[in-house]
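Working notes, structure below.
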Amino acid sequence: MLTAAYLGNRTVAVRDASPTAPGPGEVRVRVAYVGLCGTDLHVAHGDMERRVRTPLVFGHEMSGVVDAVGDGVEGWRAGDLVTVMPLLWDGTCPACRAGNSHVCQNLTFIGIDSPGALQALWNVPGSTLVRMPADVEPRHAALVEPVAVAVHDVRRGGVSAGDAVVVLGGGPIGTLIACVAAHAGARVVVVEPDPSRRELVQDLGFRAVGPEEIGPEVERWTAGAGADVVFEVSGSAAAVAAATGLAKVRGTLVVVAIHPEPRPVDLQRVFWRELTLVGARVYERVDFERAVELVAAGVVPAERLITRVVPLTEVNGALDDLGAGRAMKILVDVQAGQPEEVRA
């Protein structure tokens, strides 16, 4: 079967591999689609060299069907439409014992710390499977993982109906946060410097402005009070510097982006307005289950967020386009081009 693997030295290659039977407690999934994301770019660009073991088959935003079930796994059968919640925790560390297993101190993120979804047949622990309704389009099911990120972010921010919400960054996660927050009844404005992304966000029904406009916009929009919740999704130093100035008294700033280095934060503003600063990392099972509901109900405009679908052999070009900001979400059709005996 064909796989896409990071080989080290900023090199991704399509390679042959032999599928294996699922072991005890495992399920083999016939992968349909894999969404590429910023984390995959970090892997491909060599930013995680100290973490990944090469060659690494990467990818974690996916959909597929159950192909085979290993010993000891119950409740699944061949043909079930699934996605995977790609987290494994030890269950023994202080974070796990406190009920925060999704941020386990020894967390394994499948697709980074262990082999991921860019392969035709993928063995995963049965505990990681999340059931999809049979009538959901598999392409849309591949968006459940990033939707779960957005659900977790919005939940961490405590967004309520009527809240004024600012999302700094109109990429895939920022746009999904806007969708989830709006579904909760919030009023949303998205800040995005790229005109084409602003246009897409506006086409989805949201107010979208450039970074230079957001201060006056929030002043006008909230009658000078400030936003209830601000999400920092862009990863830029300028957005972090601006974020605290946009929040109301006792407002909340949710840090979603992975920042490559420490950023200056206006702590005087945090003190003066008694702001709450919250981190939001990955998701919990409840977030995944809610994401399935939102995708199945059409709350998330999945088809409009998918820029295009490419075969596995074009993964390098897709990564290039994502890195250059020429796409919102690119899906890899993992079965396209696979040997006939694998696709059977």
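- For Thr175 (side chain) and Gly171 (main-chain N/O), a donor-acceptor pair under 3.5 Å exists by modelled atom type.
- Residues Ser196 and Asp194 have side chains that bring a donor and an acceptor to within less than 3.5 angstrom of each other.
- Here Arg15 contributes atom CZ and Leu7 contributes atom CG; the two are 5.5 Å apart, rounded to the nearest 0.5 Å.
- Among residues two or more places apart in sequence or in another chain, the salt bridge (Lys or Arg N to Asp or Glu O under 4.0 Å) test is passed with Glu261 by Arg263.
- Note: His102 and His152 have perpendicular aromatic rings, judged against thresholds of 30 and 60 degrees for the angle between ring planes.
- If you chain together hydrophobic residues whose side chains sit under 4.5 Å apart, Met85 and Ile110 fall into the same group.
- Side-chain atoms of Tyr33 and Glu61 include no donor-acceptor pair closer than 3.5 Å.
- Under the rule for a salt bridge (Lys or Arg N to Asp or Glu O under 4.0 Å), Glu74 has no partner lying at least two apart in sequence or in another chain.
- With contacts defined as side-chain heavy-atom distances shorter than 4.5 Å, the pair Val188/Val167 qualifies.
- Within a 6.0 Å radius of CD in Glu199, no more than 12 heavy atoms belonging to other residues, nucleotides or ligands are found.
- Around the CZ atom of Arg285, the shell of radius 6.0 Å holds more than 12 heavy atoms that belong to other residues, nucleotides or ligands.
- Residues Val256 and Val189 fall into different hydrophobic clusters, defined by Ile, Leu, Val, Met, Phe, Trp and Tyr side chains chained together at heavy-atom separations under 4.5 Å.
- In terms of heavy-atom proximity, Ala239 sits nearest to Ser234 at CB-OG, 3.1 Å.
- Annotation for Pro301 and Leu204: closest pair CG-CD2, 3.7 Å, computed over non-hydrogen atoms.
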Would you check, one step at a time, whether the test salt bridge (Lys or Arg N to Asp or Glu O under 4.0 Å) holds for Asp228 with Lys248? CA-CA 6 Å; Asp228 295 280; Lys248 72 174 188 179; 2.5 Å; yes

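- Look at Asp333 and Arg139 and you find no salt bridge, because none of the NZ, NE, NH1 or NH2 atoms lies under 4.0 Å from a carboxylate O.
- At a threshold of 4.5 Å between side-chain heavy atoms, the hydrophobic network of Ile, Leu, Val, Met, Phe, Trp and Tyr places Val334 and Val315 in one connected group.
- Stacking of Arg207 on the aromatic ring of Trp221 is not recorded, the 6.0 Å distance cut-off and the 45° axial limit not both being met.
- Not one N or O on the side chain of Glu219 forms a donor-acceptor pair closer than 3.5 Å with the backbone of Pro216.
- Leu322 approaches Cys37 most closely through the heavy-atom pair CD1-N, 4.4 Å.
- Note: the hydrophobic cluster containing Leu305 also contains Met132 (ILVMFWY, side chain heavy atoms under 4.5 Å, direct or indirect links).
- A salt bridge links Arg250 with Glu274: the distance from a Lys NZ or Arg NE/NH1/NH2 to an Asp or Glu carboxylate oxygen falls below 4.0 Å.
- Ala142 and Ser63 make their closest contact through N-CB, 3.7 Å (heavy atoms, listed as atom of the first residue, atom of the second, distance).
- Of all heavy-atom pairs between Tyr6 and Val12, the closest is CD1-CG2, 4.1 Å.
- Checking side-chain atoms of Thr307 against main-chain N and O of Met328 turns up a donor-acceptor pair under 3.5 Å.
- A single hydrophobic cluster is seen to contain both Phe58 and Val84, as judged by linkage of ILVMFWY side chains at heavy-atom distances under 4.5 Å, directly or through other members.
- Leu253 contributes atom CG, which lies 9.0 Å from atom CG of Leu246 (distance to the nearest 0.5 angstrom).
- With respect to Asp287 and Arg155, a salt bridge is recorded, a charged nitrogen being found less than 4.0 Å from a carboxylate O.
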